[in-house]
Visitor: 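Okay, handing you the structure first.
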Amino acid sequence: MAALSKSIPHNCYEIGHTWHPSCRVSFLQITGGALEESLKIYAPLYLIAAILRKRKLDYYLHKLLPEILQSASFLTANGALYMAFFCILRRGLLTIYMANLATETLFRMGVARGTITTLRNGEVLLFCITAAMYMFFFRCKDGLKGFTFSALRFIVGKEEIPTHSFSPEAAYAKVEQKREQHEEKPRRMNMIGLVRTFVDSICKHGPRHRCCKHYEDNCISYCIKGFIRMFSVGYLIQCCLRIPSAFRHLFTQPSRLLSLFYNKENFQLGAFLGSFVSIYKGTSCFLRWIRNLDDELHAIIAGFLAGISMMFYKSTTISMYLASKLVETMYFKGIEAGKVPYFPHADTIIYSISTAICFQAAVMEVQTLRPSYWKFLLRLTKGKFAVMNRKVLDVFGTGASKHFQDFIPRLDPRYTTVTPELPTEFS
């Protein structure tokens, strides 16, 4: 730890923006690259969201562009201002080192207390716990609101919500009406129609408990249809995510278009979402059968078991994000109940601290950073984050140049305080 108290004589050009000696030019280059990538990310994102939400023409004319620019400027500031303050602080890199010290100290404290250990399939276990709590809040009256509630209702269906605005008699009437319509109009024999006919033929006379609210289906078909529906959604989502990269190689490698439909990740995400829904619904139905009642507590067991579906699509990112959102939800519930104090601008403070830690890792110890986030930083800065002179930072004992052993920046001696090391080909 004593190494962290050492100082280095190098200036910001020798360490940070090694590609250009001017702080101003480097800042503008980082800003331009970050803005370009931010617009590429947010423009299609907001456009797709507007289409899915069926926004009116007024939104596209007056609100779409400002929302895109607002989010893009926010993300641009992350990359641009970091480099700006890197230059403003010059050799006073105390903030970076203190963040490193705090992170390492917290980690050592956790290990000493036995609270931090490596656990196999830990992301799956975390997701199981998170899913159990989310589904419990989903089943409780006023447990979840807004987008989270709408998203879960879309995934598992409104049948799992304990309160409905329609009575069982009205539901049965709707079912009979639909059956009559199907009898009058022949079903179109497309792929979806064939699958639905097949499922109906298998599960036509299956059982359904009186507490179950899926009036159109028995418990077996209810679970099977849930799996097919969300498997299709997951498969299509993964296909859409791969479209930009596939069309980029449309003329150079046409065969790559086949991977758009026959990629393993497509089926993994589909299996994850499909099995989550089917396990949750199946467990809920099973508990209604054995307990002869519909209880919100069933959601805890069903949600936990459904979380095992992440074995098909392991993702620490998803688990951590949902867990953090769950903590946020519980925090605001505590505020509403008057049991937890409200801290103004807490989100800004937490974000600032988190960004400082992530950027510290990106400079001082890239090996501890999530690979996907490191790739994002490279994309955001047009690769500039990778050309920092990390060898001079090895004196602090964090292994800063561990993955950059072969990189030596070509520095102009006129702007350096220490005679620069020449690249191998010039030495």
Side-chain angles (χ1 to χ4, degrees), residues 121 123-141 143-144 148-164 166-172 174-175 195-234 267-314 318-319 322 326:
N121 297 322
E123 69 274 31
V124 178
L125 178 60
L126 177 62
F127 181 71
C128 289
I129 298 172
T130 304
M133 296 306 299
Y134 263 122
M135 300 316 299
F136 173 71
F137 286 132
F138 175 71
R139 288 294 310 273
C140 293
K141 186 177 181 180
L144 292 176
T148 305
F149 177 81
S150 300
L152 287 176
R153 183 175 59 182
F154 171 78
I155 294 173
V156 300
K158 65 180 180 180
E159 296 86 2
E160 294 301 328
I161 305 174
T163 56
H164 292 276
F166 53 88
S167 63
E169 292 77 9
Y172 279 116
K174 290 182 179 180
V175 173
V195 172
R196 189 177 182 89
T197 302
F198 175 72
V199 173
D200 287 342
S201 63
I202 294 178
C203 309
K204 187 175 182 180
H205 302 292
R208 182 185 66 80
H209 193 270
R210 64 177 184 84
C211 294
C212 294
K213 296 182 175 65
H214 45 87
Y215 302 111
E216 297 186 22
D217 301 294
N218 57 65
C219 293
I220 299 175
S221 63
Y222 177 58
C223 298
I224 295 177
K225 289 180 179 179
F227 175 84
I228 294 175
R229 174 175 170 270
M230 289 311 300
F231 179 89
S232 303
V233 171
F267 296 97
Q268 288 177 334
L269 182 59
F272 165 49
L273 293 178
S275 59
F276 179 87
V277 173
S278 59
I279 293 174
Y280 177 81
K281 290 183 174 182
T283 306
S284 298
C285 289
F286 176 75
L287 292 173
R288 284 190 283 260
W289 275 93
I290 63 173
R291 296 193 65 202
N292 200 29
L293 58 88
D294 190 19
D295 192 351
E296 289 85 354
L297 295 177
H298 293 174
I300 298 179
I301 301 174
F304 185 88
L305 294 177
I308 301 175
S309 60
M310 182 167 270
M311 294 294 292
F312 290 108
Y313 192 81
K314 293 181 181 180
I318 294 176
S319 296
L322 292 177
L326 177 64

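Position 1 is the first residue of the sequence; numbering continues from there. None of these values were measured; they are calculated from a predicted model.
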Visitor: Using atom types as modelled and distance alone, determine if a side-chain donor or acceptor of R139 lies under 3.5 Å from a backbone N or O of L297.
Guide: no

Visitor: What heavy-atom pair brings M311 and N121 nearest, and what distance separates the two atoms?
Guide: CE-ND2, 4.0 Å

Visitor: Taking the ring of F312 and the ring of F231, is the distance between their centroids below 6.0 Å?
Guide: no

Visitor: Quick check on F286: does its CZ atom have over 12 non-hydrogen neighbours (other residues, nucleotides or ligands) under 6.0 Å away?
Guide: no

Visitor: To the nearest 0.5 Å, how far apart are NZ in K225 and NZ in K281?
Guide: 10.0 Å

Visitor: Find out whether V156 and F138 are in side-chain contact, i.e. whether some heavy atom of one side chain is under 4.5 Å from a heavy atom of the other.
Guide: yes

Visitor: Rounded to the nearest 0.5 Å, how far apart are CG of N292 and CG of L287?
Guide: 12.5 Å

Visitor: Of all heavy-atom pairs between I155 and R229, which one has the smallest distance, and what is that distance?
Guide: O-NH1, 3.5 Å

Visitor: Using 0.5 Å steps for rounding, measure from the CG atom of D294 to the SG atom of C212.
Guide: 7.5 Å

Visitor: Between the main-chain N or O of Y280 and the side-chain N or O of T283, is there a donor-acceptor pair closer than 3.5 Å?
Guide: no

Visitor: Which atom names give the shortest non-hydrogen contact between F227 and A271, and what distance separates them?
Guide: CE1-O, 4.4 Å

Visitor: Do I224 and I228 come within less than 4.5 Å of each other through their side chains, counting heavy atoms only?
Guide: yes

Visitor: Within the distance-only criterion (no hydrogens, no angle test), does the side chain of Y222 pair as donor or acceptor with the backbone N or O of C285 below 3.5 angstrom?
Guide: no

Visitor: Could you walk me through whether T130 and F304 pass the side-chain contact (heavy atoms from CB on, under 4.5 Å) test, one step at a time?
Guide: CA-CA 8 Å; T130 304; F304 185 88; over 6 Å; no

Visitor: Would you compute the distance between atom CD1 of I279 and atom OG of S284 and round it to the nearest 0.5 angstrom?
Guide: 11.5 Å

Visitor: Is there side-chain contact between L144 and Y134, with at least one heavy-atom pair below 4.5 Å?
Guide: yes

Visitor: Just verifying a value: how many Å separate D295 CG and I300 CD1, rounded to the nearest 0.5 Å?
Guide: 9.0 Å

Visitor: Might you point out which heavy atoms bring M135 and F276 nearest each other, and give the distance in Å?
Guide: SD-CZ, 4.3 Å

Visitor: How many angstroms lie between atom CG of L269 and atom CD1 of I318, to the nearest 0.5 angstrom?
Guide: 7.0 Å

Visitor: Looking at every non-hydrogen atom in both residues, tell me the closest pair between M133 and L326 and how far apart they are.
Guide: CB-CD2, 3.6 Å

Visitor: Looking at every non-hydrogen atom in both residues, tell me the closest pair between E123 and M310 and how far apart they are.
Guide: O-SD, 3.8 Å

